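Reading through the structure tokens given below for one structure.
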Amino acid sequence: MINKSLIRNEARRRLIAATEINPLSDLQCENQIYNPQGKTFWITEHIIGGLESSLGKFRSRINPFLIQYDLHVPAGSGSDVMDEKISLIKSEFSVNDLTKCFLILPGYDISITNLLIESAEETEWHVQKILIYLNVLKVTAVDNSGTDENSNTIG
């Protein structure tokens with residue numbers, strides 16, 4: 001079974017490092033009460049996940065696995081902070097940079113396959129939604145026999 005919390009935590013770690021936000025005051029995680037009153041910028045995290053499927057005895061995958069980050073600034077406050085944070089996130093999760101297009105977790109092969117940005121206006125906030133698409137493959141055990149049920153040989 002794929003541990004979605006591990007994937008979320010690694011993506012969150014990279015988001016926090018790239019944007020230099022304070023995770024205690026500028027990040028609202030799922031199932032968390034958050035009061036944005038007085039804030040000039042904050043991020044909401046949504047784990048959309050995906051459907052897990054088995055790829056034989058030793059592997060499973062989720063494709064796509066979705067993580068959404070909503071970036072908020074007060075409506076009418078300008079977009080400098082928003083533009084800066086979006087640029088940092090796009091750079092950190094770049095699908096075109098071989099040093100950044102993977103999430104590194106033991107036992108997993110996780111590639112970032114797409115990053116989409118959508119604008120939304122709310123009454124009090126200007127919101128940019130960033131969707132990160134991941135292809136998640138988990139190897140659950142090592143087969144020492146040299147074969148598995150999907151092929152004649154491994155290697």
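Given the structure is predicted, the values throughout are model-derived calculations rather than measurements.
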- Kindly indicate, with the supporting measurements, whether the criterion side chain to side chain contact (heavy atoms under 4.5 Å, CB included) is fulfilled by I86 and L88. CA-CA 5 Å; I86 288 172; L88 292 168; over 6 Å; no
- How far apart are the C-alpha atoms of K100 and F93, what are their side-chain angles, what is the distance that settles it, and do they pass the side chain to side chain contact (heavy atoms under 4.5 Å, CB included) test? CA-CA 6 Å; K100 296 181 178 181; F93 294 98; over 6 Å; no
- Item | T44 and H46: CA distance, side-chain angles, deciding distance, side chain to side chain contact (heavy atoms under 4.5 Å, CB included) verdict | CA-CA 7 Å; T44 305; H46 306 279; 3.3 Å; yes
- Output, in order, the C-alpha distance, side-chain angles, deciding distance and verdict of side chain to side chain contact (heavy atoms under 4.5 Å, CB included) for L115 and I130. CA-CA 7 Å; L115 188 137; I130 298 179; 4.0 Å; yes
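The minimum heavy-atom distance between S94 and C101, with the atom names listed, is O-CB, 3.3 Å. Nearest heavy atom pair, residue N3 against residue S5, reads OD1-N, 3.0 Å. Contact between N35 and Q37 at its shortest, heavy atoms only, is OD1-N, 3.0 Å. The minimum heavy-atom distance between P64 and Y133, with the atom names listed, is CB-CD2, 3.9 Å. Of all heavy-atom pairs between T113 and L134, the closest is OG1-N, 4.2 Å. Residues I16 and P23 share a closest heavy-atom pair of CD1-CB, 3.5 Å.
Each of I89 and V127 belongs to its own hydrophobic cluster when Ile, Leu, Val, Met, Phe, Trp and Tyr are linked at side-chain heavy-atom distances under 4.5 angstrom. Taking hydrophobic clusters as Ile, Leu, Val, Met, Phe, Trp and Tyr residues chained together by side-chain heavy-atom distances below 4.5 Å, V95 shares a cluster with Y108. Following chains of ILVMFWY side-chain contacts shorter than 4.5 Å, one cannot reach L71 starting from W125, and the two form parts of different hydrophobic clusters. Hydrophobic clustering of Ile, Leu, Val, Met, Phe, Trp and Tyr side chains at less than 4.5 Å, counting indirect connections, keeps L131 apart from I117. By the rule that hydrophobic residues join a cluster once side-chain heavy atoms approach within less than 4.5 Å of another member, I110 and L55 end up as members of separate clusters.
Taking the side chain as every heavy atom from C-beta outward, K138 and M1 never approach each other to under 4.5 Å. Residues P36 and H72 have side chains not in contact (no heavy-atom distance under 4.5 Å, counting atoms from C-beta outward). Using a 4.5 Å cut-off on side-chain heavy atoms (C-beta onward), V81 and T40 make no contact.
Using a 4.0 Å cut-off between a side-chain N of Lys or Arg and a carboxylate O of Asp or Glu, K39 and D26 qualify as a salt bridge.
In the model, T99 has a side-chain atom that pairs as donor or acceptor with a side-chain atom of D97 under 3.5 Å. H126 and S77 form no side-chain donor-acceptor contact under 3.5 Å, judged by distance and modelled atom types alone.
Summarising the geometry, atom CD belonging to Q128 is positioned 5.5 Å from atom CE belonging to M82; distances are rounded to the nearest 0.5 Å. Taking CZ of F41 as the reference point, atom NZ of K85 lies at 5.5 Å (rounded to 0.5 Å). Atom CG of L137 and atom OG of S60 lie 7.5 Å apart (nearest 0.5 Å). A distance of 4.0 Å separates CD1 in I43 from CD1 in I21, rounded to the nearest 0.5 Å. In this structure, F102 CZ and N135 CG are separated by 10.0 Å, a value rounded to the nearest 0.5 Å. The CZ atom of F65 sits 9.5 Å away from the CG atom of L103 when rounded to the nearest 0.5 Å.
Although no hydrogens or angles enter the test, the distance criterion places a donor-acceptor pair under 3.5 Å between the side chain of R14 and the main chain of E92. Listed for the Q32 side chain is a donor-acceptor partner under 3.5 Å among the backbone atoms of C29. Between the side chain of T19 and the backbone N or O of L15 there is at least one donor-acceptor pair closer than 3.5 Å.
Considering I2, V136, N63 as possible partners of E52, the one that fulfils the side-chain contact (heavy atoms from CB on, under 4.5 Å) test is I2.
A cation-pi arrangement is absent between K129 and Y69, since the terminal nitrogen or guanidinium carbon is not both under 6.0 Å from the aromatic centre and inside a 45° cone about the axis.
Counting heavy atoms of neighbouring residues, nucleotides and ligands inside a 6.0 Å radius, atom CD of E30 exceeds 12 of them.
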